[in-house]
Structures are given as structure tokens and as C-alpha cells.
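Below is one structure; the comments refer to it alone.
Note that this is a predicted model, so its numbers are computed, not measured. Lettering follows sequence order; numbering is per chain, from 1.
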Amino acid sequence: MLSSLKEDPIKRRVRKLGRSFYRRPAENLARDLIGKVLVHRLGQTVMRVRIVETEAYVGEHDLACHASKGRTGRTEIMFGPAGFAYVYLIYGMHDMLNIVSGAVDDAEAVLIRAAEPLDGLRLDLSGPGKLTRALGITRADNGVDLTGASLFLMDDNAPRPRILRTPRIGVDYAGEWKDKLLRFYDADSRAVSKGGSFPATS
DNA sequence: GCGTCGATGGCA
DNA sequence: GCCATCGACGCG
């Protein structure tokens, strides 16, 4: 489990991702978010993790996207500018972190499903609910500007990971949209949810 | 190792 | 009544 410091992406030169990074189709953004570093400042604590799994929700026509029910109090944030957090509660107990993408009035977002801990942290981030819980991200973070100081992303300055795609998880109700290959993950990460591409470790 | 199921609350 | 989930439980 020991990793070399010189290969640790956060020890290298990195930069915070700005608004323009997010202002593009969710499908494209979801793929590019694999390997990026998510940073959450919580009081004195700063937690950094490397994103290894995402899903794209591509707009009002996507029956798996919350915005398919139109503008509501909850989905309004997705119709706004890119680069803001959309956090909601599911199954009465799990907060889901999404990143609004695309143009204004284009209700797209990317769900952050799993990550690997950095900085020697030992956290289980292998699922969207586990990730928000471990990082202390809640609905209080809904609407937060990701170009701000408390919750943001950084470029990783690392080789591009090998990325695979599958249908999204838990959207069997979404008709033809349930089979679209809009889930992306790092083929070489063991932190991917639901076992991913790795057999159980002994 | 894998399928099934209950918890739990906001939303339309 | 739905869920963009998780973990516990039972199987053999």
C-alpha cells in the first residue's frame, strides 16, 4: 500500500479547474473527470481524492436524469451555469454529489460515483453514498460554486487513465436510456463501485 | 461469492 | 409511490 512520493499526483504541479472546463456536454466531461482530484475544505481539514468513476446525465430528454421531469425546485440548479454542485438525497439516507455541466438551460450533470483517497488517507470511497459520507459532503453543499475555495477540482498532471464505459447503475426504469454507455471508470482502479473490473483481493 | 431485502426521507 | 444506495443476511 506504500506509494512513492514522486508518483503521487498531488505532490506535482496542479491547478484548479475553472468554469470553462465544465461548460461542455456531460458525456464528454464525465470521461475527462476520471483521474481528476476532488478537494473538499471542511473547517481546518482538507481532503483530496482522485476520481475513478462517474456517470453522465445528459439533459431533459434523458429519462434517467432528474431534469427529465422539467424545472422544479430541486432540479433548477442543473438548468443554470456549469461548474456548480448539485447535491440531493436518495433512498432517504445517501447524499449524491453531481457537477452541473453544459450551457445555461441545458440541464446536464455528472455524478461522482467513486474515488481513491490521497494523502495517505484510508477511506472507502467506492460508491457515491460512501464518497459523500467520507468527505462530509451533504445537501448543505448544494449549489456551491466549484470555482470557489471550499469544494473544487484540480488537474492531475498525470498520464491519462485507461477508461472503460458501461450502462449507468440503478436506472432500469429509464427505458431506452438505461442501456446507454454513460458510466465511466478507471479500468485500473480497485476503488470502482460494485467490484468493477477487479476480483476480490485476498 | 451472490441474490434479496429493509432502512428512510424528500420529492412529484 | 417512487427512487442516480448500502450493508446485512442467508444460502449450502
Taking only nitrogen or oxygen atoms into account, show me every contact under 3.5 Å that the protein makes with nucleotides 10-12 of chain B, one pair per line with its distance.
residue: B/dA12; atom: OP1; partner: A/Thr72; partner atom: OG1; Å: 2.2

| Contacts of type salt bridge (charged side-chain N to carboxylate O under 4.0 Å, His left out), residue A/Lys180, not counting sequence neighbours | none

| said: Going by the rule side chain to side chain contact (heavy atoms under 4.5 Å, CB included), which residues pair with A/Asp62 if we only count those two or more places apart in sequence or in a different chain? | reply: A/Tyr57, A/Val58, A/Ala64, A/Cys65, A/Arg168, A/Trp177

| message | I'd like to check A/Leu153 versus A/Val39 (side-chain heavy atoms, cut-off strictly below 4.5 Å). Are they in contact? | response | no

| query | ring-ring contact (aromatic ring centres under 6.0 Å, His included) with A/Tyr88: which residues, sequence neighbours excluded? | reply | A/His66, A/Tyr86

| Of all residues at least two apart in sequence or in a different chain, which pass the side chain to side chain contact (heavy atoms under 4.5 Å, CB included) check with A/Pro161? | A/Ile34, A/Arg50, A/Ile163, A/Asp186

| Residue pair A/Thr166 / A/Arg183, side-chain donor-acceptor N/O under 3.5 Å | yes

| query | Of all residues at least two apart in sequence or in a different chain, which pass the side-chain hydrogen bond (donor to acceptor under 3.5 Å, both in side chains) check with A/Ser150? | reply | none

| said: Test of understanding: with side-chain hydrogen bond (donor to acceptor under 3.5 Å, both in side chains), list the residues that count as partners of A/Arg24, not counting sequence neighbours. | reply: A/Asn28, A/Asp32

| query | Mind checking what makes side chain to side chain contact (heavy atoms under 4.5 Å, CB included) contact with A/Arg165, not counting sequence neighbours? | reply | A/Glu27, A/Arg31, A/Leu181, A/Leu182, A/Phe184

| request: Would you kindly give the OH-to-C1' distance between A/Tyr91 and B/dC5, to the nearest whole Å? | output: 13 Å

| How is A/Ile90 classified with respect to the nucleic acid when contacts are heavy atoms under 4.0 Å: base, sugar-phosphate, or nothing? | base

| For A/Arg41, what residues pass the side-chain hydrogen bond (donor to acceptor under 3.5 Å, both in side chains) criterion, not counting sequence neighbours? | none

| said: Reading DNA chain C from 5' onward, which residue's closest nucleotide shows up sooner: A/Tyr173 or A/Asp124? | reply: A/Tyr173

Distance-only donor-acceptor hits, side chain of residues 128-138 of chain A, under 3.5 Å, sequence neighbours excluded:
residue: A/Lys130; atom: NZ; partner: A/Asp124; partner atom: OD2; Å: 3.1
residue: A/Lys130; atom: NZ; partner: A/Ser126; partner atom: OG; Å: 3.2
residue: A/Thr132; atom: OG1; partner: A/Asp95; partner atom: O; Å: 2.6
residue: A/Thr132; atom: OG1; partner: A/Pro128; partner atom: O; Å: 3.4
residue: A/Thr132; atom: OG1; partner: A/Gly129; partner atom: O; Å: 3.1
residue: A/Thr138; atom: OG1; partner: A/Ala140; partner atom: N; Å: 3.0

| task | Using a heavy-atom cut-off of under 4.0 Å over every strand shown, decide if A/Met96 touches base, sugar-phosphate, or nothing. | result | sugar-phosphate

| If the C1' atom of B/dG10 is compared with that of C/dG7, how far apart are they to the nearest Å? | 22 Å

| query | Based on Watson-Crick and G-U pairs with both distances under 3.5 Å, what dot-bracket line describes DNA chain B 5' to 3', crossing pairs as [ ] and inter-strand pairs as |? | reply | |||||||.|||.

| message | For chain A and DNA chain C, what are the first and last nucleotides along the strand, 5' to 3', with at least one atom under 4.0 angstrom from a heavy atom of the protein chain? | response | C/dC3 to C/dG7

